[in-house]
Amino acid sequence: MTVSYSITLSSFTHIEANLSKILDKLTNCGFTAIEIIGEPDKLDLNEISETVNSYGIAVTGITGMWGSLGKESQNRKLLTSDKNVLKHCQQYIIKCIKMCDILNGKELNVCLFADNRLMNFDKNHRLISPDQKEHVLRRPVPILKKLSSLASDYGIRLLLEPLNRYSTPYCTTANDAIKVTNMVDRDNFRIMLDTFHMNIEEDSLEDALSDSKNLLAHMHFADNNRKMPGYGHIEFQPIMRILADIGYEEYISFEPIIQDKCYEPILSKSLAYIKAIDKIVRNENVSKKRLLYKN
Ligand SMILES: [Mn+2]
């Protein structure tokens, strides 16, 4: 039983334009898998496919480009009463599923952004009541069922990623995501958790992971400051310990914001740091099992 490691290409967009150069560095750092940026209309998929294959690097899936920062991503909102926005968003997901299939990926993350009418509140103080949250989170369920069926035809999983109150307040915790996932009720609709968002929203990171045990299909790893793990103050050892305890065998995908052009030493060190922790917690588990057998 073991985890695998990957890294998001979206981390490098503003620092390095050439995919071969990025892959050169990532393979040197020991990475063997990547997540591709979910911009199907902007990218030359044949070129990406050729380049990625030439490095023998695996594609875990597509990082959905959600959010309100980019011009393209502004209308990627599933929590809306605007039919045109909803249609546009569904088309985006369908394009990403097809893109994922072309690149031999297996998953796409879905985030639940809301239109401006639903965002009109003080983001710092959690003014959304649980009832209101549940009411809004029910809305996209029929669409998510349909999109899951389509993704299933391609052998692709849709992974709901809770974010944090500063970007979208309606799906921010593992428990929010579990509720939606249970309502969608499709085998290929699962959850992914991101340590950066969890650090802001969860009461306990360990509880959130263990509550998600049966649905957790992917992890994003970044420190509290969105740097590589080990460059901030999140404790990764308890996280890795719970992942080992719940038998997590999927990808841990690093999703940092890279600020330094000479990023290779940082990536190498952080990957080695997480791998070393993984070794420690798995050895602990082996010792625990030995004790069990002795007793
Ligand atoms: Mn993430």
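Any value given below was found using the heavy atoms of this structure, including those in side chains, with hydrogens, waters and symmetry copies removed. In each ligand, atom 1 is the first atom listed, and ligand 1 is the first ligand listed.
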Scan the side chains in residues 83-93 for donor-acceptor partners under 3.5 Å anywhere in the protein, sequence neighbours excluded, and list what turns up.
unit_1: Tyr92; atom_1: OH; unit_2: Gly38; atom_2: O; d: 2.6
unit_1: Tyr92; atom_1: OH; unit_2: Met65; atom_2: N; d: 2.8

Shortest-distance N, O or S atom of [X] relative to the Mn ion (ligand 1):
X	value
His220	ND1
Glu161	OE2
Glu255	OE1
Asp194	OD2

| Hey, is the main chain of Leu112 close enough, under 3.5 Å, to the side chain of Thr168 for a donor-acceptor pair? |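 Yes, because the side chain of Thr168 sits within donor-acceptor range (under 3.5 Å) of the backbone of Leu112.
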
| Which class fits the ring pair Tyr273 and Phe236: parallel under 30°, tilted 30 to 60°, perpendicular over 60°? |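 Taking Phe236 first and then Tyr273, their aromatic rings stand perpendicular (interplane angle over 60°).
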
| Going by the angle between their ring planes, with limits at 30° and 60°, are Phe221 and Phe254 parallel, tilted or perpendicular? |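 Phe221 vs Phe254 ring planes: perpendicular.
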
